[in-house]
Peer 1: 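Following this message is one structure expressed as structure tokens.
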Amino acid sequence: MSPPPIDAAALESRVRRRLAEAGFAVERHDADGDGGLRVWHEPGRGVVVSWEPDAAPGEEHAARYRLIRGAVRLALRTILAEAGYHVREDGGRMIVTPRDQP
């Protein structure tokens, strides 16, 4: 028996709400600005979560940026996994689906 189809709008809403409850300011995918936390649904993939800093780090801050980016991504992954979602990395973004779907 296959799992029920994903209600994309509901899944995106739940992911956004969970991240907001954890203290993240979640932007729309098409929001103006260079950085921040973006959440949107991509048909056939799931809910996409992407985080970038507001400005590209200069060469002298590249190593620090990698550490911060890694810490933020770990926090996001942990929050979503603890909420019962399956999270996988894909091209620098996180793809979130219900636990019973890959």
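Basis for what follows: all heavy atoms, side chains included, without hydrogens, waters or symmetry-related copies.
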Peer 1: Assess whether side chain to side chain contact (heavy atoms under 4.5 Å, CB included) is satisfied between Val15 and Tyr85, documenting all intermediate values.
Peer 2: CA-CA 9 Å; Val15 168; Tyr85 298 110; 4.2 Å; yes
Peer 1: Check Leu37 against Trp51 and note the closest heavy-atom contact, atom names and distance.
Peer 2: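 So the minimum-distance heavy-atom pair works out to N-CD1, 3.9 Å.
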Peer 1: How far apart are the closest heavy atoms of Ala81 and Val87, and which atoms are they?
Peer 2: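 Looks like N-CG2, 4.4 Å.
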Peer 1: Could you list the residues that satisfy side chain to side chain contact (heavy atoms under 4.5 Å, CB included) with Ser13, not counting sequence neighbours?
Peer 2: Arg17
Peer 1: If I compare all heavy atoms of Arg93 with all of Val48, which pair ends up nearest, and what's the gap?
Peer 2: CD-CG1, 3.6 Å
Peer 1: Considering residues at least two apart in sequence or located in another chain, which fulfil the side chain to side chain contact (heavy atoms under 4.5 Å, CB included) criterion with Ala25?
Peer 2: none
Peer 1: First locate atom CZ of Arg16, then atom CZ of Phe24, and finally report the distance between them rounded to the nearest 0.5 Å.
Peer 2: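 These two atoms lie 14.0 Å from each other.
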Peer 1: By salt bridge (Lys or Arg N to Asp or Glu O under 4.0 Å), which residues pair with Glu21, not counting sequence neighbours?
Peer 2: Arg18
Peer 1: Only counting residues at least two apart or in another chain, list the ones meeting salt bridge (Lys or Arg N to Asp or Glu O under 4.0 Å) with Arg69.
Peer 2: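 In terms of salt bridge (Lys or Arg N to Asp or Glu O under 4.0 Å), with neighbours along the sequence ignored, Arg69 is linked to Glu52.
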Peer 1: Show the nearest heavy-atom pair for residues Val26 and Ala20, with the distance to one decimal.
Peer 2: CG2-N, 4.3 Å
Peer 1: For Ile79 versus Ala22, what's the shortest heavy-atom pair and its separation?
Peer 2: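 In terms of heavy atoms, the two residues are closest at CD1-CB, 3.5 Å.
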Peer 1: With sequence neighbours excluded, tell me which residues meet side-chain hydrogen bond (donor to acceptor under 3.5 Å, both in side chains) with Glu89.
Peer 2: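 For Glu89 the side-chain hydrogen bond (donor to acceptor under 3.5 Å, both in side chains) partners, ignoring immediate neighbours, are Arg73, Arg77.
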Peer 1: Taking all heavy atoms of Arg99 and all of Gly84, pick out the closest pair and write down the distance.
Peer 2: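 Taking every non-hydrogen atom into account, CB-O, 3.2 Å.
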Peer 1: Could you walk me through whether Leu19 and Leu76 pass the side chain to side chain contact (heavy atoms under 4.5 Å, CB included) check?
Peer 2: CA-CA 8 Å; Leu19 294 174; Leu76 292 169; 3.7 Å; yes
Peer 1: I want to check something: taking the side chain as every heavy atom from C-beta on, are Ile95 and His86 in contact at a cut-off of under 4.5 Å?
Peer 2: no
Peer 1: Yes or no on side chain to side chain contact (heavy atoms under 4.5 Å, CB included) for Leu74 and Thr78, after CA distance, side-chain angles and deciding distance?
Peer 2: CA-CA 6 Å; Leu74 177 60; Thr78 301; 3.9 Å; yes
